[in-house]
Every structure is written in structure tokens, then in C-alpha cells.
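Since the model is a prediction, treat every value here as computed from it, not as a measurement.
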Amino acid sequence: MQGSGAWRGQRRGTRRVISGLALAVMMLALAAPMGTPRAAARPLDGGTLTIMIPQPDSNGEIAGPVGINLTVSGTGLQDGDTYALGYASQDNQCASGFPLFQNVTATATGGTFTTTFAWPKAVNSVGALYYICAQDTNQPDSPPVQSDQLFHVLSAAAPLFTISDATTQNAIPGPPFNIFAGGQITLLGRNYVPANVTLLVYLSTRRIATGQDFSAARLLSTVDSQPVTTTESGDVSATVAVPDGVKAGTYFLYLVSNDRQGNALPSLMAGVQVRVRLQPTPTASPSPAATATTGGTSTGTTGNGGPSTGRILGIVGFGLLSLILFVVGTMLLVSDGRRPQ
């Protein structure tokens, strides 16, 4: 009986220890401060990620519409490794995991890379702020790299423009849009934000895929020689002259921001296909034959250069009248000679 009592005492002691441990855990949980930030899944990598294009706006933000071309530079990375790029909201950040951009990767050479990609149209919450993230695909368990700046979405639609005839202001149907060498056209753009960005108009014989392609394109001048700049609303208007020397054929017309560097594309960019035609040659109208009149009688000439019918009749009539007067005069003279003296 004594052994049984000792065993029961041990069981009671064990229960007390377990209860005490459970109570201690509960007390620690209750003592934790409310609102503690969520711990990052992994620390960030030691490299840096910087948005190079576009430049910060007047508020110090990298801002623009969906479809904008962002040029990002990474440094301090693993040489030779390939990095997949994505985005994370300002609240979540890259360390908590992030969605990837479709087919956007870059390989570090000498520990650095520079790449350009278009912001996806599906990530279109106006006013939202996002970090750019980079994950080493050669070491998928390594911490990600997070950009120094945030990208601010200003428009849920990408830049675009239409074309009108500068003289009539009538919209030109297309694409392809028919324009004339030596003529003037007006480009009406939308979603070109932020404000105060200078825009340029290019005419290219081929689609532009890299910044270097602009070197073979023709820069068109505005008719008033004034620069074209973006507005807060995103609406812009540019009237340009199509040079006389442009040959007839199919081209691509672009309205872009003036911030491209090297092989990187400009941040704001839209293009359409156009068909350049030569100005139609005016058809000369035949001039009417000149007709001179004298005394109400036409003295014009016939189509073969000879005298007209009216002139011939006039000459004949005048001759007959002269002959009659001559005969009458002769008869009067003869009669006066026969009178007695």
C-alpha cells in the first residue's frame, strides 16, 4: 500500500509540472506586445537593386502608368548567377515572398546586371507602391534582393496615341494610318504620366525593340519648334511635320519619353504602324481660248488658226458695200459729165 501511495504522489506531481508549464506558456503569450511586425521569412541579400529609368519625379518617387519600361540595375551579386525579378507591395516586402514577372531574368556579370522590362498591366492598383525584387535562381534558398526605391502606379492603362490630320483635325483611321510626306499630323496621347516629362516623336522603318534602334529612326520636329511635355491628366498633343524626303512605304511612328540611355528603352513609349504616301500631283485645268471682239462682232480664231466664220462674213459684206459705193460714185460722175453747159 505504501508503494501504491508513492506512485499516486508521483502522478500528482507530474500533473502539477505539466500544468505549470502550460500556464507559463500562456503567460508569455499574453505578455507579448500587441502589433509586433511580422518577422521576415528570410533576411535580405547583401546586394543592391536600383531603378535607373525613369528618374524620380518632383516628389522623389519612381512613378508612371502600367506598361512603363523600368530599367533596373543590380550590384554586389553572385557572379554568373541568374536572377528572377518580381515585385512586392510596400507592406509585404520582398523577404516575405513575392510574385515573379513573366520571363524577366538577368545574369550577373562581374556581380552586376542591368535589364529593362515593362510593368505588367495586371498589376494596376492606382496609388499602390511596390518594391522590385530579385531572387538568385542558382541558389533558390538564398535571401532575395530588394530595390532601394518604390514604384508608384499612377494609371491603370498604358500609354497610347491616335493620329489626326493637322489641317482638318479629322481623325485618321488605322492602323495602318495613312500620312503624307511633306504633310503635318497631330498625335493625341493618353496615360503619359507623370507630369513634366519631355516627349519625342520618331519615325522608324522597323519596330523598335531596344534603345539602339532609335539611332536608325528619324526624329520628327514639332511645327512650332516647341517641346512636348506631359501633364497631370496624362493627355498630350504634338503636331509634327513629316519631311518631304520620306519615301512612300510602311513605317512605325513612336511617341516616347526623352530618358533612354544606351540600349535601354525610354520609360514612356507607344507606337503605331503608318503608311507614308506621296502628296497627289495637282491636275491642271485647260484654259479657255481667248476671243477678241470689235464692235460686238467676234474676231476670234478657229481651232486650226484660220479666220472665224463671223470674220469672213464681215470681210465679204464690207467688200460688197465698198463695191456698191464705187459703182454709185462712178454713175454720178458720168451723169455730171453729160449735162449741157
Side-chain angles (χ1 to χ4, degrees), residues 53 65 67-69 116 118 121 155 157-193 197-231 233-290 303:
I53 303 174
I68 188 173
N69 293 318
T116 300
K121 295 180 181 180
S155 172
L160 56 85
F161 65 89
T162 57
I163 305 177
S164 298
D165 183 275
T167 302
T168 65
Q169 298 303 314
N170 293 331
I172 300 175
F177 299 88
N178 291 320
I179 61 177
F180 291 97
Q184 296 180 0
I185 54 175
T186 299
L187 280 62
L188 301 175
R190 294 196 302 252
N191 309 317
Y192 279 85
V193 286
V197 176
T198 301
L199 301 179
L200 302 174
V201 181
Y202 284 92
L203 187 66
S204 174
T205 56
R206 62 177 184 267
R207 292 186 185 274
I208 290 179
T210 70
Q212 294 294 344
D213 292 338
F214 283 97
S215 60
R218 182 182 293 224
L219 178 63
L220 303 186
S221 301
T222 57
V223 295
D224 58 3
S225 300
Q226 296 299 310
V228 182
T229 55
T230 59
T231 63
S233 67
D235 296 335
V236 295
S237 176
T239 300
V240 297
V242 182
D244 287 319
V246 177
K247 296 181 179 180
T250 300
Y251 295 81
F252 296 91
L253 190 69
Y254 289 93
L255 179 62
V256 304
S257 53
N258 187 25
D259 57 1
R260 68 181 179 90
Q261 298 177 19
N263 204 40
L265 289 169
S267 60
L268 301 176
M269 180 175 175
V272 297
Q273 189 178 49
V274 297
R275 183 183 293 116
V276 175
R277 293 184 172 181
L278 301 180
Q279 291 279 9
T281 302
T283 302
S285 300
S287 301

Could you give the distance from [atom1] ([X]) to [atom2] ([Y]), rounded to the nearest 0.5 Å?
{"X": "R275", "Y": "F180", "atom1": "CZ", "atom2": "CZ", "value": "11.0 Å"}
{"X": "I68", "Y": "S267", "atom1": "CD1", "atom2": "OG", "value": "4.5 Å"}
{"X": "L265", "Y": "I208", "atom1": "CG", "atom2": "CD1", "value": "8.5 Å"}
{"X": "F177", "Y": "L187", "atom1": "CZ", "atom2": "CG", "value": "9.5 Å"}
{"X": "L199", "Y": "T229", "atom1": "CG", "atom2": "OG1", "value": "7.5 Å"}
{"X": "N178", "Y": "D165", "atom1": "CG", "atom2": "CG", "value": "11.5 Å"}

Quick one: closest heavy-atom pair of [X] and [Y], and the distance?
{"X": "A181", "Y": "D244", "value": "CB-O, 3.9 Å"}
{"X": "F214", "Y": "M269", "value": "CZ-CE, 4.2 Å"}
{"X": "A217", "Y": "Y202", "value": "CB-CD2, 3.9 Å"}
{"X": "G234", "Y": "V193", "value": "CA-CG1, 3.6 Å"}
{"X": "Y254", "Y": "G271", "value": "CD2-CA, 3.6 Å"}
{"X": "G67", "Y": "A158", "value": "CA-CB, 4.3 Å"}

Sort and list the pairs that fulfil salt bridge (charged side-chain N to carboxylate O under 4.0 Å, His left out) and have at least one residue in residues 166-176, not counting sequence neighbours.
->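 Non-adjacent pairs meeting salt bridge (charged side-chain N to carboxylate O under 4.0 Å, His left out): zero.
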
So do the side chains of [X] and [Y] get within less than 4.5 Å of each other, counting heavy atoms only?
{"X": "V272", "Y": "F161", "value": "yes"}
{"X": "L255", "Y": "V236", "value": "yes"}
{"X": "L220", "Y": "P243", "value": "yes"}
{"X": "T239", "Y": "D224", "value": "no"}
{"X": "L253", "Y": "I185", "value": "yes"}
{"X": "T250", "Y": "Q273", "value": "yes"}
{"X": "I179", "Y": "Y251", "value": "no"}

Qualifying residues under side chain to side chain donor-acceptor pair (under 3.5 Å), relative to S237, sequence neighbours excluded |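 S237 satisfies side chain to side chain donor-acceptor pair (under 3.5 Å) with no other residue.
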
Residue pair L203, V274: steps toward the side-chain contact (heavy atoms from CB on, under 4.5 Å) verdict = CA-CA 9 Å; L203 187 66; V274 297; 3.9 Å; yes

Knowing that exactly one of T222, L200, L219 qualifies, which makes a side chain to side chain contact (heavy atoms under 4.5 Å, CB included) with V240?
->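 Of T222, L200, L219, side chain to side chain contact (heavy atoms under 4.5 Å, CB included) with V240 is met by T222 alone.
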
Got a sec, which residues hit salt bridge (Lys or Arg N to Asp or Glu O under 4.0 Å) with D259, two or more places apart in sequence or on another chain?
->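 Salt bridge (Lys or Arg N to Asp or Glu O under 4.0 Å) list for D259, sorted by chain: empty.
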
If only atom types and distance count, is the side chain of S257 paired as donor or acceptor with the main-chain N or O of L268 below 3.5 Å?
->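 Answer holds: yes.
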
